[in-house]
Structure formats: structure tokens, C-alpha cells
Amino acid sequence: MEKLKRPVYLKAGTDDFFKKMRTEVNETILQNSSLYLFNIIKSLGLVVLFFLSYSCILLFGNSTPLLFFFYILCGITMIVLFINAFHDAAHGALFKKSKHNEWFMYILELFGGNHWLWTRRHINLHHAYPNVPDWDIDIKQSDIIRIFPNSPLLNYHKYQHIYMWFIYPLYSLNWIYIRDFKDFFGKRNNYVKKVVDNIPQKEIYKLFLAKALNLFYLLFIPMIVLKQPWYIVLAGWFSMHLCGSMLGVVALVSTHVDEDAHFPETDEDGNLSATWAMHQMIVTKDFSTNSKLANFLYGGFTHHVAHHLFPGVGHTYYPYITPIIMRYAQEYDLPYTSYPFYHAVRSHFRMLKNKGVKENIMMTGEI
């Protein structure tokens, strides 16, 4: 992959809205320590719930309905853990001490992930340059789907708004058993190599160990212990990933990639046309911010603008930060969008339909 210049944001002026906003948030919302404690209790509770559900698979899994029920509960809990607890810990926002966040992230390996890799691609690529072509790895993952305007348009993309309904439910399987290996060993379109010169050898060992351990305890142990045919256990394991992914994809498609999404490109010198804070406001959207259930399940994704402006803050603070963002957006005439999740999902698939055909130059989403 050719070496590209890292994008550079426009320098903020002395009257930049974010300096004032950050001061207000620090002096008011972040003084509430109970929200910090609630985040820790919620995160640890989700870990306990997952392994309780797994234990129930082994205890009650000889009943096929209960086997599927507890596998599905594991899948839902797994995704909620990713979106809430692991996401906050990756940003150093779950615990006050960085070493505690690092320790907590090691639990991710039990789910088949690699926290060293995820932290680098999520923080150093997605959060550093959200929606920027050739840099945001969370948007450009495969040629199966076309989102960036500068991505090649292939014949089958005209159907992507149809077939992605069937591919998105495989998201966690792709992440654990395909994407991680591509990011470690792939040579074509490997965005990770832009921010990592050399992958530590120990991380390669951990990668294989985590995948093997995850398959062993979630799939092979139930096959050995339970008096169920192997294919029934396999179907239960598959339903875990299927249901968890369907829940998680709502968050993934609702915050950056709707039909009105912007994909700002750099000039030949690598410069972007907006400040860092303004860029976050332009490319990020909220969804279902007033839903207590959505806020509990999706953590920092429902209030995603707050998350991108304050990534080092735990998601339990975001419902209280968002009203401040909305006030500043109105006062400074800033872009801010929030809509129900069903509108967000519908808009995403309309975007896929639009991006699957030859684009009108007026719809490239450049700023």
C-alpha cells in the first residue's frame, strides 16, 4: 500500500466553540462521580452475566430450547459488553487508572478478540480520522461493500443494499475469525500498517491462542459435555453470533454512514478543511438519545457525537453532555443530527443503494 500523508486538521482559533464546551463539561457534568461508579458496576455486571449464561449452557443445555436461549443470551451480552465496557476501556474511560483499563481489556481475549489490535485500529484510525477515505478502517473493511466515494465500483455493488441484510448478521464471526487475521497478515488495503510499523511477536501468539480458547470453551466443551448432537450445539453457537451481530449492527450503521454522510478528503498536502472538533460534528450522528433501553444497550453509540468529542469520558456521562452539545450547535450554527434508530438503519441502506451505482458528482459528500 502506498504511503499516504497523515491527515491534518485545521488549527482551531481562540474563539473555537469546543474550548468553551470542554470547559463547561469538565466543570459541571464530569464532577458527578456516581456516573463513574455506575459504569464500573454495569461493566462488571455484564461480564458476570455472560459467564453465568455460559454456565447455564452447560447446566441446562440438554434441553434444546434452553440451549438456544442461553447461547442467544450470551451473544446479546457479548455485544453489549463490546459496545459498552470494552469500548470505554479501550478509550481509557472505564477506570481512572490506565493499568486497570488495560487489565480489563484482557477479558476481550476470552471473546476471541485481540485488544492490542482493536485499540490501534479503533483509536488510531477510526477516532483519529472518522469518515476520512483511506484512513477510517471501521468504514473500509472489505470490497464486498462500497461506502467511500473513492472506493472502486464493482458490478455486484448495485445489489449491496439487498445482500448486506444477510451479511451484517455475520459481523462478529467476520471480526473474530477473518478481519483480525487480515489486519495482522494482510498486505492489500491494510490500514493498520499505516499506524503500526511492526506487530509484536507476542501479539501474534495471543491472536491464535485467543481464537483457539474462544472456540474451545464456547463450542467444543458444550459438544463434549452435553448430550446433544454436535450440529445442534453448532447451531446454538451460530445463533449466538447471529443474534449478537444483529443487535450490534444497529449501532455500527447508525452513527457515521447514512445517506447524508460526509466523507471529507484531504488535499494533496494531507490537509482537511475543518478543525478536529468541527470534523467530529460533521461526520457523526446520534440516534435514539431519549430511549433509556437504547442508552443502556448501546452506551456511547446513541450519544455518539458526545463520544467523538469526549472519547476519554465514560458513556454513562453522555446523556448529560448531549444537551450541552445541542445548545452549542444551536448557538454556533453547528451541524448536529439525532434520529430514531429505525430511521438511521433505513437511511443507511438507502445510502448503500446510492453508493452501489455510478455517483453524481454533487453527491460525493465532500465538504
Side-chain angles (χ1 to χ4, degrees), residues 35-57 68-95 101 103-115 118-119 122 126 138 168-176 179 210 214 217-218 236-256 286-304 306-307 311 313-319 322 340-342 344-345:
L35 295 174
Y36 167 75
L37 182 60
F38 174 66
N39 195 8
I40 294 175
I41 294 172
K42 175 183 176 181
S43 299
L44 296 178
L46 286 169
V47 173
V48 171
L49 177 60
F50 176 85
F51 286 104
L52 277 177
S53 301
Y54 170 70
S55 299
C56 289
I57 291 173
F68 277 84
F69 173 78
F70 287 115
Y71 258 128
I72 290 171
L73 186 57
C74 277
I76 292 172
T77 308
M78 172 182 70
I79 292 299
V80 174
L81 256 172
F82 268 81
I83 291 174
N84 289 267
F86 295 140
H87 189 210
D88 275 5
H91 283 280
L94 179 57
F95 298 100
N101 287 297
W103 293 346
F104 187 83
M105 285 295 288
Y106 273 100
I107 301 175
L108 183 67
E109 259 72 8
L110 294 176
F111 293 84
N114 180 278
H115 80 274
W118 184 41
T119 300
H122 184 68
H126 170 65
D138 283 355
Y168 275 143
L170 306 177
Y171 185 84
S172 63
L173 287 169
N174 174 70
W175 180 335
I176 297 172
R179 184 185 178 190
N214 179 260
Y217 84 86
L218 278 175
W237 174 84
F238 185 73
S239 70
M240 173 186 74
H241 284 284
L242 199 71
C243 294
S245 294
M246 286 191 291
L247 179 68
V249 160
V250 172
L252 298 171
V253 306
S254 299
T255 51
H256 293 286
D286 289 347
F287 72 95
S288 299
T289 54
N290 294 323
S291 168
K292 291 184 178 180
L293 176 61
N295 286 334
F296 181 85
L297 292 175
Y298 294 114
F301 283 81
T302 49
H303 297 266
H304 212 56
H307 173 59
V313 173
H315 74 271
T316 48
Y317 287 90
Y318 293 153
T322 293
F341 81 91
Y342 55 84
V345 173

Any residue meeting side-chain hydrogen bond (donor to acceptor under 3.5 Å, both in side chains) with Tyr318, in chain and number order, not counting sequence neighbours:
His307
Using only atom types and a distance under 3.5 Å, with no angle test, would you say the side chain of Tyr171 pairs donor to acceptor with the backbone of Leu252?
no
In terms of ring plane angle, is the pair Phe50 and Tyr217 parallel, tilted or perpendicular, where the classes change at 30° and 60°?
perpendicular
If I take atom CG from residue Leu49 and atom NZ from residue Lys42, how far apart are they, to the nearest 0.5 angstrom?
12.5 Å
For Ala89, enumerate each residue passing the side chain to side chain contact (heavy atoms under 4.5 Å, CB included) test, keeping only those at least two apart in sequence or located in another chain.
Leu94, Asn101, Phe104, Met105
Is it the case that the side chain of Thr316 and the backbone of Leu35 share a donor-acceptor pair, with hydrogens and angles ignored and the cut-off at 3.5 Å?
yes
Does the plane of the ring in Phe82 sit parallel, tilted or perpendicular to the ring in Trp175? Use 30° and 60° as the thresholds.
perpendicular
Side chain of Thr255, backbone of Phe301: donor and acceptor closer than 3.5 Å?
no
Pairing residues for Asp286 by the side-chain hydrogen bond (donor to acceptor under 3.5 Å, both in side chains) criterion, not counting sequence neighbours:
Tyr336
Is it true that the side chains of His303 and Thr289 contain a donor and an acceptor less than 3.5 Å apart?
no
Using 30° and 60° as the class boundaries, would you call the ring planes of His122 and His91 parallel, tilted or perpendicular?
perpendicular
Taking the side chain from Asp88 and the backbone from Gly314, do they hold a donor-acceptor pair closer than 3.5 Å?
no
Taking the side chain from Ser245 and the backbone from Ser172, do they hold a donor-acceptor pair closer than 3.5 Å?
yes
Just by modelled atom types, is the Ser43 backbone N or O under 3.5 Å from a matching donor or acceptor in the Asn84 side chain?
no
Please check this pair: side chain of His241 against backbone of Trp237, looking for a donor-acceptor N/O pair closer than 3.5 Å.
no
